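Remember, predicted model here, so these are calculated numbers, not experimental data.
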Amino acid sequence: MPAFDVRWVERWQKMVNQDSVARLLGRHFNADVMLEFGPHAYVVSFEHGEINRVQHEIGAESAYQFALRAPAETWAKFVQPVPPPMYNDIIAMSHTLHGRLKIEGDVKVMWQNLRAFAWALDLMRAVKE
């Protein structure tokens, strides 16, 4: 299972920032997003489809537009090269019948930028330990 530690997130950040499709799809995607992988939480700042900052220390002063919260085991299934059913995207993982992922906050920002955000999340599947 991936550790979802700081090094893992930094490798994912590098992959997103080097991906030309992520930049193209995300050219209007500017948001601070809380990603919670069980005990590990980060505020990821997207600017024009690139991740320009990852906040590792999360506190009461941490600001973000929306959050995705799930147990590390759920994210571990999501990042598999071929995820099992109901773990292949955030919509399936957050479905009320499944309930593995909680989406909170200003979800309008997420929906407006879903293609860019989903592309960036899909790049997690290529992060090597």
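Within the structure, salt bridge (charged side-chain N to carboxylate O under 4.0 Å, His left out) contacts touching residues 82-98 (residues at least two apart or in different chains) do not occur.
The closest side-chain heavy-atom distance from N52 to F46 is not below 4.5 Å. Under the 4.5 Å side-chain criterion, counting only non-hydrogen atoms from C-beta, E104 is not in contact with F66. For the pair Q65/V33, no side-chain contact is recorded, criterion being any heavy-atom separation below 4.5 Å from C-beta on. Between K77 and P83, the closest side-chain pair of non-hydrogen atoms is not below 4.5 Å. Side-chain contact between M93 and M86 is absent, with no heavy atoms from C-beta onward closer than 4.5 Å.
The ring-ring contact (aromatic ring centres under 6.0 Å, His included) test applied to H48 returns no partner, not counting sequence neighbours. Under the side-chain contact (heavy atoms from CB on, under 4.5 Å) criterion, K14 pairs with Q18, sequence neighbours left out. In this structure, Y64 has no ring-ring contact (aromatic ring centres under 6.0 Å, His included) partners at least two apart in sequence or on a different chain. Residues passing the ring-ring contact (aromatic ring centres under 6.0 Å, His included) test with W8 are F4, F37, sequence neighbours excluded.
Residues W12 and V21 share a single hydrophobic cluster, defined by chaining ILVMFWY side chains whose heavy atoms lie under 4.5 Å apart. Both V6 and V44 are part of a single hydrophobic cluster, where members link through side-chain heavy atoms under 4.5 Å apart. Hydrophobic clustering, with ILVMFWY side chains joined whenever heavy atoms are under 4.5 angstrom apart, keeps V43 apart from L101.
The CD atom of Q55 sits 8.0 Å away from the CE atom of M34 when rounded to the nearest 0.5 Å.
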Distance-only donor-acceptor hits, side chain of residues 109-126, under 3.5 Å, sequence neighbours excluded:
from: N113; atom 1: ND2; to: V109; atom 2: O; distance (Å): 2.9
from: W119; atom 1: NE1; to: D19; atom 2: OD1; distance (Å): 2.9
from: D122; atom 1: OD1; to: R125; atom 2: NH1; distance (Å): 3.0
from: R125; atom 1: NE; to: F78; atom 2: O; distance (Å): 2.7
from: R125; atom 1: NH2; to: F78; atom 2: O; distance (Å): 3.3
from: R125; atom 1: NH2; to: N88; atom 2: O; distance (Å): 2.8

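In the model, S45 has a side-chain atom that pairs as donor or acceptor with a side-chain atom of R53 under 3.5 Å.
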